[in-house]
Amino acid sequence: MEQGILTNVMQSDRARAVVRSVAPSASDLIRMDHTKVIAAFHRYRIDTPAAQKQALANTICLLLEIHATLEEEIFYPAMREIDPEFIDVSLPEHEQIHRLISDLRAGVAGSAEFDETLMTLMRTVIHHAADEETVLLPRAERLLGQRMNALGARMTTRKIQLGLPRVPEFTVNAARAAPASRMFMGAAAIAACAFILTRAFRR
Ligand SMILES: [Fe+2]
Ligand SMILES: [Fe+2]
(Lines give C-alpha, C1' and ligand atoms only; values in the text may rest on other atoms or scores of the structure.)
(Ligands and ions follow the chains in the order given, each with its own letter.)
Protein backbone atom coordinates (compact mmCIF):
# COMPACT_ATOMS: atom_id res chain seq x y z
CA MET A 1 0.00 0.00 0.00
CA GLU A 2 1.29 3.48 -0.89
CA GLN A 3 2.66 5.38 2.09
CA GLY A 4 0.32 8.36 1.40
CA ILE A 5 -2.80 6.17 1.21
CA LEU A 6 -1.74 4.34 4.36
CA THR A 7 -1.21 7.62 6.20
CA ASN A 8 -4.73 8.76 5.20
CA VAL A 9 -6.28 5.46 6.32
CA MET A 10 -4.45 5.56 9.66
CA GLN A 11 -5.60 9.15 10.22
CA SER A 12 -9.31 8.39 9.71
CA ASP A 13 -11.51 8.63 12.83
CA ARG A 14 -12.49 4.98 12.52
CA ALA A 15 -8.86 3.76 12.34
CA ARG A 16 -7.95 6.01 15.29
CA ALA A 17 -10.81 4.59 17.38
CA VAL A 18 -9.76 0.99 16.59
CA VAL A 19 -6.10 1.70 17.46
CA ARG A 20 -7.13 3.48 20.71
CA SER A 21 -9.16 0.44 21.78
CA VAL A 22 -6.42 -2.15 21.18
CA ALA A 23 -3.15 -0.23 21.61
CA PRO A 24 -0.91 -0.93 24.61
CA SER A 25 0.17 1.96 26.83
CA ALA A 26 3.43 3.68 25.88
CA SER A 27 5.35 1.83 28.59
CA ASP A 28 3.93 -1.60 27.62
CA LEU A 29 4.76 -0.93 23.96
CA ILE A 30 8.33 0.12 24.81
CA ARG A 31 8.86 -2.91 27.09
CA MET A 32 7.48 -5.30 24.44
CA ASP A 33 9.78 -3.79 21.78
CA HIS A 34 12.79 -4.23 24.09
CA THR A 35 11.87 -7.88 24.78
CA LYS A 36 11.57 -8.57 21.06
CA VAL A 37 14.92 -7.07 20.07
CA ILE A 38 16.78 -8.64 23.02
CA ALA A 39 15.32 -12.05 22.04
CA ALA A 40 16.71 -11.51 18.52
CA PHE A 41 20.14 -10.64 19.99
CA HIS A 42 20.05 -13.86 22.05
CA ARG A 43 19.68 -15.93 18.89
CA TYR A 44 23.01 -14.59 17.53
CA ARG A 45 25.87 -16.98 18.30
CA ILE A 46 29.49 -16.93 17.17
CA ASP A 47 29.09 -20.30 15.41
CA THR A 48 25.86 -19.28 13.60
CA PRO A 49 26.29 -19.50 9.78
CA ALA A 50 27.11 -16.13 8.15
CA ALA A 51 23.83 -15.95 6.17
CA GLN A 52 21.80 -16.39 9.39
CA LYS A 53 23.98 -13.84 11.18
CA GLN A 54 23.27 -11.33 8.39
CA ALA A 55 19.51 -11.99 8.55
CA LEU A 56 19.47 -11.67 12.37
CA ALA A 57 21.49 -8.45 12.20
CA ASN A 58 19.09 -7.04 9.57
CA THR A 59 16.11 -7.89 11.81
CA ILE A 60 17.79 -6.32 14.85
CA CYS A 61 18.58 -3.13 12.89
CA LEU A 62 14.99 -2.89 11.57
CA LEU A 63 13.45 -3.39 15.03
CA LEU A 64 15.79 -0.82 16.58
CA GLU A 65 15.27 1.78 13.83
CA ILE A 66 11.49 1.65 14.22
CA HIS A 67 11.65 1.61 18.02
CA ALA A 68 14.10 4.55 18.21
CA THR A 69 11.92 6.58 15.81
CA LEU A 70 8.84 6.02 18.01
CA GLU A 71 10.70 7.18 21.10
CA GLU A 72 12.38 10.15 19.41
CA GLU A 73 9.24 11.40 17.63
CA ILE A 74 6.58 10.75 20.28
CA PHE A 75 7.68 9.48 23.69
CA TYR A 76 10.79 11.57 24.38
CA PRO A 77 9.17 14.92 23.39
CA ALA A 78 6.25 14.17 25.75
CA MET A 79 8.70 13.30 28.51
CA ARG A 80 10.91 16.32 27.77
CA GLU A 81 7.99 18.66 28.57
CA ILE A 82 8.00 17.47 32.16
CA ASP A 83 11.54 16.17 32.71
CA PRO A 84 14.12 17.47 30.20
CA GLU A 85 17.21 16.17 32.01
CA PHE A 86 16.24 12.53 31.62
CA ILE A 87 15.91 12.81 27.87
CA ASP A 88 19.23 14.63 27.59
CA VAL A 89 20.83 11.43 28.93
CA SER A 90 18.88 9.09 26.62
CA LEU A 91 19.51 10.88 23.31
CA PRO A 92 23.33 10.48 23.19
CA GLU A 93 22.77 6.73 23.75
CA HIS A 94 20.38 6.69 20.77
CA GLU A 95 23.06 8.45 18.69
CA GLN A 96 25.54 5.73 19.64
CA ILE A 97 22.99 3.04 18.72
CA HIS A 98 22.35 4.70 15.32
CA ARG A 99 26.14 4.82 14.66
CA LEU A 100 26.50 1.11 15.49
CA ILE A 101 23.53 0.24 13.25
CA SER A 102 25.25 2.10 10.34
CA ASP A 103 28.50 0.21 11.01
CA LEU A 104 26.61 -3.09 11.10
CA ARG A 105 24.74 -2.34 7.86
CA ALA A 106 28.08 -1.55 6.17
CA GLY A 107 29.78 -4.67 7.57
CA VAL A 108 30.24 -8.21 6.27
CA ALA A 109 28.55 -11.00 8.24
CA GLY A 110 31.01 -13.73 9.18
CA SER A 111 33.90 -11.35 9.90
CA ALA A 112 35.27 -10.80 13.41
CA GLU A 113 34.52 -7.04 13.13
CA PHE A 114 30.87 -7.77 12.35
CA ASP A 115 30.57 -10.00 15.46
CA GLU A 116 32.30 -7.33 17.55
CA THR A 117 30.01 -4.54 16.31
CA LEU A 118 26.94 -6.66 16.95
CA MET A 119 28.08 -7.50 20.48
CA THR A 120 28.81 -3.80 21.18
CA LEU A 121 25.33 -2.93 19.89
CA MET A 122 23.81 -5.66 22.08
CA ARG A 123 25.64 -4.38 25.18
CA THR A 124 24.61 -0.77 24.47
CA VAL A 125 20.96 -1.67 23.80
CA ILE A 126 20.63 -3.90 26.89
CA HIS A 127 22.13 -1.16 29.07
CA HIS A 128 19.90 1.52 27.50
CA ALA A 129 16.74 -0.64 27.73
CA ALA A 130 17.47 -1.48 31.39
CA ASP A 131 17.80 2.25 32.20
CA GLU A 132 14.54 3.00 30.42
CA GLU A 133 12.65 0.15 32.11
CA THR A 134 13.94 0.76 35.63
CA VAL A 135 14.18 4.57 35.72
CA LEU A 136 12.56 6.38 32.79
CA LEU A 137 9.34 4.36 32.42
CA PRO A 138 8.43 4.21 36.13
CA ARG A 139 9.01 7.99 36.22
CA ALA A 140 6.89 8.48 33.08
CA GLU A 141 4.09 6.33 34.53
CA ARG A 142 4.12 8.42 37.71
CA LEU A 143 4.26 11.81 35.96
CA LEU A 144 2.20 11.19 32.82
CA GLY A 145 -0.40 8.79 34.32
CA GLN A 146 -3.33 8.27 31.92
CA ARG A 147 -1.51 10.16 29.14
CA MET A 148 0.58 7.00 28.67
CA ASN A 149 -2.47 5.36 27.02
CA ALA A 150 -2.90 8.16 24.47
CA LEU A 151 0.84 8.14 23.80
CA GLY A 152 0.69 4.35 23.32
CA ALA A 153 -2.07 4.79 20.72
CA ARG A 154 -0.04 7.43 18.83
CA MET A 155 3.06 5.22 18.95
CA THR A 156 1.07 2.20 17.71
CA THR A 157 -0.30 4.18 14.74
CA ARG A 158 3.20 5.39 13.87
CA LYS A 159 4.58 1.88 14.30
CA ILE A 160 2.09 0.56 11.73
CA GLN A 161 3.02 3.39 9.33
CA LEU A 162 6.73 2.67 9.72
CA GLY A 163 6.44 -1.12 9.83
CA LEU A 164 4.05 -1.92 6.95
CA PRO A 165 6.34 -0.77 4.11
CA ARG A 166 9.10 -2.89 5.66
CA VAL A 167 7.08 -6.13 5.96
CA PRO A 168 8.88 -7.71 2.96
CA GLU A 169 12.26 -7.05 4.63
CA PHE A 170 11.00 -8.49 7.93
CA THR A 171 9.59 -11.58 6.24
CA VAL A 172 12.70 -12.37 4.18
CA ASN A 173 15.04 -11.88 7.13
CA ALA A 174 12.82 -13.89 9.51
CA ALA A 175 12.83 -16.82 7.05
CA ARG A 176 16.62 -16.60 6.52
CA ALA A 177 17.32 -16.31 10.26
CA ALA A 178 15.28 -19.43 11.08
CA PRO A 179 17.38 -22.56 11.54
CA ALA A 180 16.71 -25.27 8.93
CA SER A 181 15.27 -27.57 11.65
CA ARG A 182 12.65 -24.96 12.59
CA MET A 183 11.70 -24.42 8.93
CA PHE A 184 11.34 -28.21 8.54
CA MET A 185 9.15 -28.42 11.68
CA GLY A 186 7.03 -25.50 10.40
CA ALA A 187 6.53 -27.20 7.04
CA ALA A 188 5.75 -30.51 8.78
CA ALA A 189 3.18 -28.80 11.03
CA ILE A 190 1.46 -27.19 8.01
CA ALA A 191 1.43 -30.54 6.18
CA ALA A 192 -0.05 -32.29 9.27
CA CYS A 193 -2.80 -29.64 9.61
CA ALA A 194 -3.61 -29.92 5.89
CA PHE A 195 -3.82 -33.73 6.20
CA ILE A 196 -6.14 -33.57 9.26
CA LEU A 197 -8.41 -30.95 7.63
CA THR A 198 -8.63 -32.96 4.40
CA ARG A 199 -9.65 -36.10 6.33
CA ALA A 200 -12.19 -34.17 8.40
CA PHE A 201 -13.92 -32.69 5.31
CA ARG A 202 -14.03 -36.08 3.54
CA ARG A 203 -16.34 -37.57 6.18
FE1 LIG B 1 15.49 4.65 24.00
FE1 LIG C 1 13.56 2.00 24.26
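Order of listing sets the numbers, starting from 1, for every ligand and every atom in it. Start at 1 with the first residue, then count along the sequence.
- Ion pairing between Arg80 and Glu85 fails under the 4.0 Å rule for side-chain N and carboxylate O.
- Not one N/O/S atom of Ser90, from backbone or side chain, sits under 2.8 Å from the Fe ion (ligand 1).
- Lys159 and Glu71 are not joined by a salt bridge, as no carboxylate oxygen comes within less than 4.0 angstrom of a charged side-chain nitrogen.
- Residues His34 and His128 place their aromatic rings such that the two centres sit no closer than 6.0 Å.
- Protein N/O/S atoms found under 2.8 Å from the Fe ion (ligand 2): His34 NE2, His67 NE2, Glu71 OE2, Glu132 OE1.
- We find that Glu65 and Arg166 are joined by a salt bridge, their nearest charged nitrogen and carboxylate oxygen being less than 4.0 Å apart.
- Side chain to side chain, Arg158 and Gln161 meet the donor-acceptor criterion of an N or O pair below 3.5 Å.
- Within the 4.5 Å cutoff, the side chain of His94 has heavy atoms near those of the Tyr76 side chain.
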